[in-house]
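Heads up, the thing below is written out as structure tokens.
Note on naming: letters A, B, ... go to the chains in the order of the sequence lines (proteins, then strands), and numbering restarts at 1 for each one.
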Amino acid sequence: MAALQAILEEEAPHLLEKREKKERREGLPELKNAEKGKVVLRFAPNPNGPLSFGHARGIVINGNYAKEWDGELILRFDDTDTVVKPPLNEAYQQIPEEAEWLLGFKPHRIVIASEQMPHYYEHAVLMLERNFGYVCQCSGEAFKEFRVSKTECPCRNNDVARNLELWGKMNDGTFVPGDAVVRVKTAMDLKNPALRDWPALRIQNTAEHPHPRPSIRSKYRVWPLLDFQSAVEDQIQGVTHIIRGKDLMDSTRKQTLLYEHFGWTYPETMYWGRVKVHEWGGFSTSQMRRDIEAGMFTGWDDPRLPTLNALRNRGITSKALRDFWVELGVTQKDISVPLSTLFSHNTKSIDDEAPRLSFIREPVKVELKGEHSDSVSVEIHPNHPERGMRTFDLQSHHIWIEKEDSVKNEVRLKGFANIETSNSPTEELSALIGSVDRNDRRPIIHWLSESNATNATLIVAEDGELNRLEGLIESHSYPHGTMVQIERIGYARILDDTTLIFTHS
RNA sequence: GCUCGUAUAGUGUAGUGGCCCAUCAUGAAGGACUCUCAUUCCUUCGACCCGGGUUCAAAUCCCGGUACGAGCACCA
């Protein structure tokens, strides 16, 4: 093939196109039609719970593009449903904080849909007045018939005055939920049935299901659906690029039809596919909420849960999360990723900082026999001797080792000396000190001197279980929240004076 | 059922007609360093879903098949 090309170059060079040498792309794909400083992106969660691992993708990807193009990232609360997925008041505080933690910067604008209702009403009326929308009084089932049979619903022929009159009845309480919706006129023979005369606004019973925001409560009966609300809001905010899950592809098409009616230009759009994390499987905010309320989890930050809060609490850094999502990119493939991929990013982001500590699971006390020094010092971080040493006091001649290690007869105490344990069934375990120099290949184990050990609990979330391992931690003075590496076990985060949470190995 | 979308090593990912007997990361195996089963470094392994077509040339374009996913809600 290459040979053929060479011949062609000789004989008929005009047949070959000249091409630039391509470089491997770094990071996210190029944003189409983007202009430096003029890019506006948004991330629009429903505040019906705290952010989860999946939300992080939206924040990271949109945030990264905003940063890359000197643009803006809007954090928008799509809180227009009070019945099926009712918002949670705390989330309005928590989500911006979590987003900032994840991004490393504050979102440039925060928009709350429920506060933008006048805009949506204005556009709804405009839509009726210009006659590309109508009030439909068919039931859901009745309309479904029209949709599948590609026939127009009779309400479609209402004149403008009639539609405005019905609009009034939707708003004044004459109509109850189910009585009427506002639909956008499209061609009824569109190939994709999902798009045919799609619903834009509906009535909610906000007397029984008030909006949780005190300023909203039962103020409105008619609420926009996502496709309408989002479309209008994107236009108002001047959004230039929308990057979201491919489950919203049909939403884009609906919204494009609305944009055409209004004479607007739809933003550039990109999609990502579904991501499953092997260890978590499927999860939804609503399901988590039910499970927490049922007492299956300790709260939104239960380390078994895939919430951002839980991951953060457990010791996953925002950098690891960012690197993880950027690496996955914005392909439309549906993928399944093991948690170890995230952990590998996390190790990279914490190992160089994490001080080393000894933690003894199932401690066994050992009496040291023979000559040894009064204390032993080991490095706080083996790759950073300048950070100093930690010192174990040995004047009591007693140390702790893990039960699992105690059955081995010849081991080496890390940083100290070889020992030979002698196990008499009645007496406590004793060990004869051997060579201080390392002179053979015997296994190296971690240990703790009696006077440097503090009782501690290591919380381990594994296989859906939450286990509390009681043990001994090396005495230290690191502040709460510090990431440490517990030698031979893995990384952990210090929660308080006597508790650590296991991050990963 | 209708509609839309996706298919590259075990897992992710680069690649929009010749640079590709295919990139990078992760993983696995081996090794170096190391008084941690960590970190770092080195080596090796391993992939273009299938079948047609277009073309001098196809991972890349077209058609068909298969598989997987999503939408068809008065949820977001």
When all nucleic acid strands are considered with a 4.0 Å heavy-atom cut-off, which category describes [X]: base, sugar-phosphate, or nothing?
| X | answer |
| --- | --- |
| P382(A) | base |
| S336(A) | sugar-phosphate |
| L201(A) | nothing |
| R253(A) | sugar-phosphate |
| V275(A) | nothing |
| G273(A) | nothing |
| L413(A) | base |
| F416(A) | base |
| G178(A) | base |
| S139(A) | base |

Picking from [options], which would you name as closest to the side chain of [X]?
| X | options | result |
| --- | --- | --- |
| P199(A) | rC74(B), rU3(B), rG12(B) | rC74(B) |
| P193(A) | rC74(B), rG71(B), rU6(B) | rG71(B) |
| T347(A) | rU39(B), rC74(B), rU11(B) | rU39(B) |
| N192(A) | rG71(B), rA38(B), rA76(B) | rG71(B) |
| I335(A) | rA38(B), rU13(B), rU36(B) | rU13(B) |
| K191(A) | rU3(B), rA38(B), rA73(B) | rU3(B) |
| R274(A) | rA70(B), rU26(B), rC35(B) | rA70(B) |
| L226(A) | rC75(B), rA76(B), rU26(B) | rA76(B) |
| R202(A) | rC74(B), rU6(B), rU3(B) | rC74(B) |

Between [N] and [X], is there an OP1 or OP2 to side-chain N/O distance shorter than 4.0 Å?
| X | N | result |
| --- | --- | --- |
| R488(A) | rU34(B) | no |
| K333(A) | rU13(B) | yes |
| K246(A) | rC4(B) | no |
| T341(A) | rG27(B) | no |
| K348(A) | rU26(B) | yes |
| T80(A) | rA76(B) | yes |
| R442(A) | rC35(B) | no |

What's the spacing between R42(A) CZ and S230(A) OG if we round to 0.5 Å?
4.0 Å

If I take atom CD from residue E327(A) and atom CZ from residue R322(A), how far apart are they, to the nearest 0.5 angstrom?
14.5 Å

Cation-pi, F143(A) ring and R183(A) (6.0 angstrom, 45 degrees)
yes

Would R314(A) and F502(A) count as a cation-pi pair here, with the cationic atom under 6.0 angstrom from the ring centre and within 45° of the axis?
no

Please work out whether the ring planes of [X] and [Y] are parallel, tilted or perpendicular, with thresholds of 30° and 60°.
| X | Y | result |
| --- | --- | --- |
| F77(A) | Y92(A) | tilted |
| F416(A) | W447(A) | tilted |
| F324(A) | H345(A) | perpendicular |

Quick one: does E327(A) reach the base of rU26(B) with a side-chain donor-acceptor pair under 3.5 Å?
no

Presence of donor-acceptor pair under 3.5 Å, side chain of N383(A) and base of rU39(B):
yes

Determine the interatomic distance between [atom1] on [N] and the same-named atom on [M]; round to the nearest Å.
| N | M | atom1 | answer |
| --- | --- | --- | --- |
| rA32(B) | rA14(B) | P | 36 Å |
| rA29(B) | rA22(B) | P | 24 Å |
| rC4(B) | rG65(B) | P | 14 Å |
| rC48(B) | rC21(B) | P | 13 Å |
| rC50(B) | rA7(B) | C1' | 11 Å |
| rC2(B) | rG17(B) | P | 34 Å |
| rU39(B) | rC19(B) | P | 37 Å |
| rU66(B) | rU54(B) | C1' | 23 Å |

Please indicate whether E141(A) has more than 12 foreign heavy atoms, meaning atoms of other residues, nucleotides or ligands, lying under 6.0 Å from its CD.
no

Decide if atom NE2 of H384(A) counts as having more than 12 heavy atoms of other residues, nucleotides or ligands within a radius under 6.0 Å.
yes

E402(A)/R361(A) salt bridge by N-O under 4.0 Å criterion
yes

Return whichever of L328(A) or R412(A) has its heavy-atom-nearest nucleotide of RNA chain B closer to the 5' end.
L328(A)

On RNA chain B, compare the nucleotides closest to V337(A) and K85(A); which residue's is nearer the 5' end?
V337(A)

Measure [atom1]/[X] against [atom2]/[N] and give the value in whole Å, please.
| X | N | atom1 | atom2 | result |
| --- | --- | --- | --- | --- |
| W272(A) | rG12(B) | CH2 | P | 18 Å |
| M249(A) | rC72(B) | CE | P | 15 Å |
| I445(A) | rC35(B) | CD1 | P | 17 Å |

Less than 4.5 Å apart, side chain to side chain, heavy atoms only: is that true for Y121(A) and V222(A)?
yes

For RNA chain B, produce a single dot-bracket line, 5' to 3'. Pairs: Watson-Crick or G-U wobble, both distances under 3.5 Å. Symbols: ( ) within strand, [ ] crossing, | other strand, . unpaired.
(((((((..(((.....[.....)))((((((.......))))))...(((((..]....))))))))))))....

